[in-house]
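Lettering of chains follows the sequences in order, A, B, ..., and the numbering in each one begins at 1.
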Amino acid sequence: MKKQERALYSEEHKKYLKNIKIKKVLILSAQFGILIGILVLWETLTHFMILDPLFFSSPSRLIKTAIDMFATKEIYDHISVTVYECVLGFGISTIVGALIAIGLWWSDYLRRVIDPYLVILNSLPKIALGPVIIVLMGLGIKAIVTMAILICIIITITSVLNGMMSCDPDKILLMKSMGASKFQILYKLLWPYSIPNLISVLKINIGLSWIGTIMGEYLTSRAGLGYLIVYGGQVFKMDLVMTSVFLLCVMAAGMYLLVSLIEKRVYKSR
Amino acid sequence: MKIILCLDRVSHTYHSKLGETLALKDISFCLNDGEFLSIVGPSGCGKTTILSLISGLIKASKGQIVIDGEPVTTTNRDTGYMFQRDHLFEWRTIRQNITLGLEIQKKMTPQNLKMVDELIEKYGLKEFANNYPRSLSGGMRQRVALIRTLATSPKLLLLDEPFSALDFQTRLYVCDDVYNIIKNEKKSAILVTHDISEAISLSDRIIMLTNRPAAIAHEYVLDMQECKTPLERRECKKFGYWFDKIWKDLEKLENNQ
């Protein structure tokens with residue numbers, strides 16, 4: 001927007017724009033206010049021993065623990081292990097899930113055969129398979145990634161498939177009337193049509209792959225943030241638990257931001 | 001005059017769990033090159049089925065369809081199908097939408113692209129060519145859909161109620177527009193519609209179908225050479241006569257249901 005243009009606005013419009021700005025500031029300050037309020041309340045309550053800091057930790061102890069952890073460098077190993085597992089689970093389940101969805105779109109027969117299995121697997125709590133996963137994959141990263149994949153992949157398959165099936169059948173008919181092959185329908189129509197849906201699948205999968213990874217680490221691990229949380233709980237170091245949870249929050253937000261950036265880029269290029 | 005399309009005793013049966021429905025029964029007609037034919041009839045009588053059969057999207061249960069001497073067996077490049085809605089792809093520019101058919105048929109040759117650019121220029125889409133469909137009005141979008149259909153140089157255009165999704169004002173204007181472009185490009189066309197006045201204003205000939213199973217009930221050769229474009233025709237003296245006649249015939253059919 002150029003300055004001259006802005007000068008041309010009527011008083012009323014300026015007022016309208018100002019109101020939008022004020023609202024934005026109000027929302028942002030409330031958002032920060034809540035965060036700061038919680039931290040201050042938490043700190044005071046634990047400081048005056050109304051809440052026992054041994055059970056509840058406290059912001060100052062949290063910061064101190066974090067500084068100590070980063071000083072020993074050990075924490076980098078834990079973070080990288082967890083991020084590695086999470087990204088692997090996320091990547092594999094998204095790609096393989098999308099490919100399976102394409103396969104099910106391709107073959108009507110296969111889709112109808114698989115359908116009840118998908119429904120059951122979708123409602124099954126995947127954690128129940130924990131012992132089976134450990135027996136099959138052994139203790140360690142393989143089992144954790146498998147858990148993350150199991151949690152993400154079913155929802156990936158169903159939402160990608162539903163996205164593809166929601167395409168207007170007349171659009172497919174149009175492609176067919178031009179003589180399009182099934183493969184052409186897939187990559188000229190359904191692939192670009194599905195991109196907004198794929199992005200929302202990515203966003204869902206970030207959250208789910210974190211759940212899967214931490215759950216996997218609860219089951220079996222020697223390193224990682226989930227391991228730190230379990231360990232901290234067992235030896236009653238709530239500072240360690242809280243700090244690890246906080247670090248998880250930061251990383252989950254970071255990954256979400258990354259997908260949002262991809263989203264912005266995709267929409268800009270259209 | 002050269003004959004471009006003939007249907008010879010074509011019948012079609014739809015199968016579903018609930019049973020089988022005979023949709024078309026012994027439909028025979030021919031179309032001359034450059035002719036504009038409309039198909040009208042009671043709703044749900046199988047008008048669209050005829051277009052699907054001609055385009056090869058579905059296969060006739062009985063009978064034969066011949067386009068320019070070649071029997072139709074599968075989707076063919078001789079026909080261009082235009083739908084009720086424009087179905088432009090939002091992620092493609094206007095020009096990319098228009099070249100969709102050429103891409104699919106792997107005919108993106110320099111001379112075809114030149115032809116596309118000529119069409120774009122001729123029909124006033126040049127300034128939008130690199131825009132996305134969402135920036136166009138409903139009427140313009142339908143024009144793009146028509147140019148997209150023309151881009152693969154089909155011999156025969158199949159129009160499946162292409163105006164019914166538009167509001168009344170736009171419909172009259174787009175109807176005129178489409179007619180002029182089709183005549184200009186010297187294409188033959190079959191229009192399916194439930195709107196009698198639309199059929200009269202566009203066609204050289206109208207076929208009326210009966211209720212299911214659809215057979216040909218009447219055929220009207222419109223002698224309205226003095227009024228050419230659809231808008232002129234709506235003002236024409238004979239317009240009222242034909243409208244009355246066709247409307248009454250249709251009413252009789254619908255009452256027989």
S.K.: Which one of Thr79(B), Thr74(B), Leu102(B), Leu100(B) has the most heavy-atom pairs closer than 4.5 Å to chain A?
M.R.: Leu100(B)

S.K.: So how far is it from Tyr193(A) OH to Trp91(B) CH2, rounded to the nearest 0.5 Å?
M.R.: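 Interatomic distance, Tyr193(A) OH to Trp91(B) CH2, rounded to 0.5 Å: 8.0 Å.
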
S.K.: With chain A, which of Arg77(B), His87(B), Met82(B) has the greatest number of heavy-atom pairs at distances under 4.5 Å?
M.R.: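 The candidate making the most pairs under 4.5 Å is His87(B).
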
S.K.: For atom NZ of Lys107(B), is the number of surrounding heavy atoms from other residues, nucleotides or ligands below 6.0 Å larger than 12?
M.R.: yes

S.K.: Give me each pair satisfying side-chain hydrogen bond (donor to acceptor under 3.5 Å, both in side chains) with a member in residues 79-91 of chain A, each pair once, sequence neighbours excluded.
M.R.: Thr82(A)-Glu217(A)

S.K.: Non-hydrogen contacts under 4.5 angstrom with chain B: give the residues of residues 93-127 of chain A involved, or none if there are none.
M.R.: none

S.K.: Can you establish whether the number of heavy atoms outside Glu12(A) located under 6.0 Å from its atom CD is more than 12?
M.R.: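 Atom CD in Glu12(A) is not crowded, with 12 or fewer foreign heavy atoms closer than 6.0 Å.
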
S.K.: If we define contacts as heavy-atom pairs under 4.5 Å, which of Leu158(B), Thr75(B), Thr149(B), Ile104(B) has the most with chain A?
M.R.: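 Of the options given, most contacts go to Ile104(B).
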
S.K.: Could you tell me which residues in residues 169-181 of chain A have at least one non-hydrogen atom under 4.5 Å from a non-hydrogen atom of chain B, sorted by residue number?
M.R.: Asp170(A), Lys171(A), Leu173(A), Leu174(A), Met175(A), Lys176(A), Ser177(A), Met178(A), Gly179(A), Ala180(A)

S.K.: Tell me, for Phe83(B) versus chain A, whether the close heavy atoms (under 4.5 Å) come from the side chain, the backbone, both or neither.
M.R.: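 For Phe83(B), the contact with chain A is made by the side chain alone.
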
S.K.: Any heavy-atom pair between the side chains of Gln184(A) and Gln105(B) that's under 4.5 Å?
M.R.: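 Gln105(B) vs Gln184(A): side chains apart.
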
S.K.: If you count every heavy atom of other residues, nucleotides or ligands that lies below 6.0 Å from Tyr14(B) atom OH, does the total exceed 12?
M.R.: yes

S.K.: Which residues in residues 50-67 of chain B have a heavy atom less than 4.5 Å from any heavy atom of chain A?
M.R.: Leu57(B)

S.K.: With a 6.0 Å cut-off (strictly less than), is the heavy-atom count around CZ of Phe29(B), excluding the residue itself, greater than 12?
M.R.: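 Atom CZ in Phe29(B) is crowded, with more than 12 foreign heavy atoms closer than 6.0 Å.
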
S.K.: Answer with side chain, backbone, both or neither: which region of Glu103(B) has an atom nearer than 4.5 Å to a non-hydrogen atom of chain A?
M.R.: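 For Glu103(B), backbone and side chain are both near chain A.
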
S.K.: Above 12 or not: heavy atoms from other molecules or residues under 6.0 Å from CD of Glu70(B)?
M.R.: no

